[in-house]
Amino acid sequence: MTAEPSAPSVVILTTDHPAVGLSLKELRDCRFAVAEQLHYRRRIGAPIPAWLRRLHDRLDAELRARMSADGPEPEAAQQDSEMIGTPEAATILECTARHVRRLAADLDGQRIGREWIFHRGTVTEYARARKEHPPWPQTRAS
């Protein structure tokens with residue numbers, strides 16, 4: 001007697017179903033990406049599809065619901081997720097703002113208009129790694 005193959009399972013997502021499998025950070029990143037697309041389309045005068053607007057509203061609502069259900073973030077997570085500008089990043093890295101803009105890709109910087117913003121945790125981690133392992137050999141002054 002041979003067993004019949006089982007039917008593939010089907011997942012049905014409804015509008016009241018939470019964002020499955022997304023962490024809070026991933027949910028924030030998705031909302032940010034959609035918001036950037038909305039901002040870009042507004043800026044160039046392109047029409048905004050209704051589905052994109054609904055997606056943004058849905059991600060925003062899901063994020064608000066998750067944040068209220070989880071309570072406030074722990075203090076360390078709040079500090080790491082705090083966004084800072086180029087001048088503050090330059091102070092942390094002990095370099096110029098121009099050099100910070102050159103490092104923007106390494107620091108996972110996000111450009112908002114004409115300004116760059118960075119996660120404080122990423123910048124401090126980069127600064128610590130740079131002090132521990134400098135990219136050039138250290139020489140002593142004679």
Worksheet entry | Thr96: side-chain contact (heavy atoms from CB on, under 4.5 Å) partners, not counting sequence neighbours | Arg98, His99

Item to complete: Would you check, one step at a time, whether the test side chain to side chain contact (heavy atoms under 4.5 Å, CB included) holds for His119 with Asp108?
Response: CA-CA 8 Å; His119 288 280; Asp108 293 331; 5.6 Å; no

Working to the nearest 0.5 angstrom, can you tell me the gap between [X] [atom1] and [Y] [atom2]?
X: Glu36; Y: Arg43; atom1: CD; atom2: CZ; result: 8.5 Å
X: Ile117; Y: Leu107; atom1: CD1; atom2: CG; result: 12.5 Å
X: Leu93; Y: Lys131; atom1: CG; atom2: NZ; result: 9.0 Å
X: Arg58; Y: Cys30; atom1: CZ; atom2: SG; result: 12.5 Å
X: Phe32; Y: Gln37; atom1: CZ; atom2: CD; result: 12.0 Å
X: Arg42; Y: Ile48; atom1: CZ; atom2: CD1; result: 4.5 Å

Specify the closest pair of heavy atoms between [X] and [Y], including all atoms of both residues, with the distance to one decimal.
X: Pro49; Y: Arg41; value: CD-NE, 3.5 Å
X: Ala127; Y: Ile92; value: CB-O, 3.9 Å
X: Ala90; Y: Ala97; value: CB-N, 3.8 Å
X: Ala89; Y: Phe118; value: CB-CD1, 4.0 Å

Practice prompt. For Asp57, check salt bridge (Lys or Arg N to Asp or Glu O under 4.0 Å) against everything at least two apart and list the hits.
Written response: none

Exam field: side chain [X] to backbone [Y], donor-acceptor pair closer than 3.5 Å:
X: Arg111; Y: Trp116; answer: no
X: Thr91; Y: Pro87; answer: yes
X: Glu115; Y: Ile112; answer: no

Worksheet entry | Shared hydrophobic cluster, Leu59 / Leu38 (ILVMFWY, side-chain heavy atoms < 4.5 Å) | yes

Worksheet item: In terms of hydrophobic clustering (I, L, V, M, F, W, Y; side-chain heavy atoms under 4.5 Å; direct or indirect links), are Val123 and Met83 co-clustered?
Response: no

Practice prompt. May I ask you to say whether Glu62 pairs ionically with Arg31, meaning some side-chain N is under 4.0 Å from a carboxylate O?
Written response: no

